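Being a predicted model, the structure only gives us computed values, none of them experimental. FYI, the numbering just counts along the sequence from 1.
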Amino acid sequence: MMESDERSARASVYAEKLARMIRVRTVQEPGNARSFEDFHALLEELFPAVFERCELKMFGSDGGSLLFCWRSACADEEKQPALLLMSHQDVVDAEGPWTHEPFGGEVAEGRVWGRGALDIKGNLLCILQALEELIEAGFSPTFDIYVASSDCEEIGGNDLVPSYLKEQQVDIDLLVDEGPCVVRGEDGSLIAQVAVAEKGQAIFKCSAFGPGGHAMNVGKNTPLVRLGAFMAEVDAANLFEGDARPDLLDASGTTVAFTMAGASSVPNVVPREAWAVCDVRLAPGRTAESAREALETIAKRHDVVVTLDKSTPPSPVSGTSGHAYAQVERAISSVYPGAEPRAVLLSGGTDTKHFTEVAPCCIRFTPMLFSAEQTATIHGIDENIDCAALPFGVDFFKTLIEDRMSR
């Protein structure tokens, strides 16, 4: 009971801190640099020990991306490899009919409501709060602890911080960034989904061309019709059946989604070009070029041209048998007794893709329990997190840091 009361008290404190973080509208858009400055000032107010004890470097034209370093007092030859924790500051904008104001940071019904609660200010809170409490308790690490927090993850991120770490030849053996969370299985058991890789992305423009003309004079098989037939066949086909990874919990392998389209701008003109954007998420082993070739096998039948716009390759797959991954498993077991860690493949993208040359083991994991209903609100309406989930996130990062000291 005492432990439950203590955790409940902590949850209230953490929830109010997160609510204040949500109230700063850190959307990466022109003219909004001041919001990030305000957010940095708030972080310094909420986590004074971190700002006092850790070195801070700022990157980018507006200094929006942050890199904290809690230096070990050990001599260089006695230090263990460094730990890198990551969580970004920026959020996507909020539209639609929210029950609670998206940037109101309301605490209600046992939850914190607002954009960024799950993606990913809640995780940033847990990381900085863990350091704050360890510093206040007089903890002295035998390894350097870095915390990287970019201001532009939602628009692709940047390589400024990883380039600096490579320049400085920082020896990092474990990176932990945002990723899948802890969920309940059908039998009520806890499953900790630990992403050891993330898919790449290839954006293609698919175009069908024709002479165009007035709608009353044009015949069959126009660009829009051919493009539609092409999209329907791609959607029905299983082009990348062999891309699923049996060693990772992701049955989908490489996926294809049509996301944007355009044709004529008026109703009585047949377009000379009909186009659609195709977003392909590349499983490890798949390249943008091999994806283009697969799409073209169908495109040629419909006289459609497939052009690669931009791409990011899949990340390397971090091994699950090494000591770095074992540290994550032990922290999970300590904070969530009986939970089953499962290695998965992340379909979305994170800032980690810029850091794979910096750390040999890159883990994407958000150490809090989310319901399926809550996960569906990420980038959606009524994003929220349980107040009760926050102490578990803080304890995970504290345990991860403390456990490294005993090994």
With a distance cut-off below 6.0 Å to the six-membered ring centre and an angular limit of 45° from the axis, does Arg53 pair with Phe47 as a cation-pi contact? no
Gln374 vs Asp386, test: side chain to side chain donor-acceptor pair (under 3.5 Å). Steps then yes/no. CA-CA 9 Å; Gln374 288 171 318; Asp386 291 337; 3.1 Å; yes
So that I can tick it off, tell me whether Glu402 and Lys398 are bridged by a salt bridge, with the cut-off set at under 4.0 angstrom between side-chain N and carboxylate O. no
Looking at side-chain heavy atoms only, is the closest gap between Arg272 and Pro223 below 4.5 Å? no
For Phe68, does the six-membered ring have the charged nitrogen or CZ of Lys57 within the cation-pi criterion, i.e. under 6.0 angstrom from the centroid and within 45° of the normal? no
Leu18 and Leu390: side chain to side chain contact (heavy atoms under 4.5 Å, CB included), yes or no, with the steps? CA-CA 9 Å; Leu18 177 57; Leu390 298 172; 4.2 Å; yes
How about Tyr336 and Phe396: are their ring centres within less than 6.0 Å of each other? no
Applying side chain to side chain donor-acceptor pair (under 3.5 Å), name anything that partners Gln129, two or more places apart in sequence or on another chain. Lys17, Glu133
Any side-chain heavy atom of Met86 sitting closer than 4.5 Å to one from Glu178? no
Is any side-chain N of the basic residue among Asp144 and Arg71 closer than 4.0 Å to the acidic one's carboxylate O? yes
Less than 4.0 angstrom from a charged side-chain N to a carboxylate O is my criterion; do Asp351 and Lys353 meet it? no
Contact check, side chains of Leu84 and Leu165, non-hydrogen atoms, under 4.5 Å: yes
Please assess Cys126 against Met368 for the test side chain to side chain contact (heavy atoms under 4.5 Å, CB included), listing each intermediate value before the final yes or no. CA-CA 10 Å; Cys126 291; Met368 287 176 281; 3.8 Å; yes
Quick test of your reading of the model: are Arg364 and Asp177 salt-bridged, counting only N-O distances below 4.0 Å? no
Restricting to side chain to side chain donor-acceptor pair (under 3.5 Å), what partner residues turn up for Ser290, sequence neighbours left out? Arg286, Thr287
Which residues share a side chain to side chain contact (heavy atoms under 4.5 Å, CB included) with Ala299, sequence neighbours left out: Phe230, Val304, Val306
CA sep, side-chain torsions, deciding dist, call: Val92, Arg115, side chain to side chain contact (heavy atoms under 4.5 Å, CB included): CA-CA 8 Å; Val92 298; Arg115 177 63 80 226; 3.5 Å; yes
Strictly below 4.0 Å, N to O, side chains only: are Glu77 and Lys79 in salt-bridge contact? no
Indicate yes or no: does Arg23 engage Asp38 in a salt bridge with an N to O separation below 4.0 Å. no
Using a strict 4.0 Å threshold on nitrogen-to-oxygen distance, state whether Arg20 and Glu16 make a salt bridge. no
On a heavy-atom basis, which atom in Cys387 and which in Ala15 lie closest, and how many Å separate them? SG-CB, 3.6 Å
Is there a side chain to side chain contact (heavy atoms under 4.5 Å, CB included) between Leu174 and Val328 once you walk through the steps? CA-CA 9 Å; Leu174 175 62; Val328 176; 4.1 Å; yes
